[in-house]
Amino acid sequence: MNAYAPILVLGALGAGFAIFSVVMATLIGPKRYNRARLEAYECGIEPTPTPAGGGRFPIKYYLTAMLFIVFDIEIVFLYPWAVTFDALGLFGLVEMLLFVLTVFVAYAYVWRRGGLDWD
């Protein structure tokens, strides 16, 4: 347990700072609400009204998010594998090749669906 104590203390400090910041901003922050402040901000463009049930988003938003998540997860698994490459041997190499092949299938799907076309 002594080895994990610094990690737990750092996590508690981070959570405490986040909670403290939100609470203090709510308590001492300005409370002047006006119509312009409550409106949605769209980079200086006048916001367009949306239908009652919400507007439809193009599939490209979801494909871009899926592509980001796939490659983010790939990096999370590739980094520890690269660090312990020598210890894993041939088994680790084969497993990582299968993993990269699976990631490539997701990449091919996104490419085929037009998620990489920005027209």
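Residues: numbered from 1 along the sequence shown. Not measured: the values here are computed from a predicted model.
When every heavy atom of Phe99 is checked against every heavy atom of Ile73, the shortest pair comes out as CZ-O, 4.3 Å. The two residues Pro80 and Val76 come nearest to each other via the heavy atoms CD-O, 3.0 Å.
Below 30°, between 30° and 60°, or above 60°: for Trp81 and Phe85 the angle between ring planes is above 60°, a perpendicular geometry.
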What pairs of donor and acceptor atoms, side-chain ones from residues 8-26 against any protein atom, are under 3.5 angstrom apart with sequence neighbours left out?
{"residue": "Ser21", "atom": "OG", "partner": "Phe17", "partner atom": "O", "Å": "2.8"}
{"residue": "Thr26", "atom": "OG1", "partner": "Val22", "partner atom": "O", "Å": "2.9"}

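Leu78 and Phe68 fall within the same hydrophobic cluster, defined by Ile, Leu, Val, Met, Phe, Trp and Tyr side-chain heavy atoms under 4.5 Å apart, directly or through other members. Side-chain heavy atoms closer than 4.5 Å link hydrophobic residues (I, L, V, M, F, W, Y) into clusters, and following such links, possibly through other members, connects Tyr107 to Leu97.
Applying the 6.0 Å contact sphere to CZ of Phe104 captures no more than 12 heavy atoms from other residues, nucleotides or ligands.
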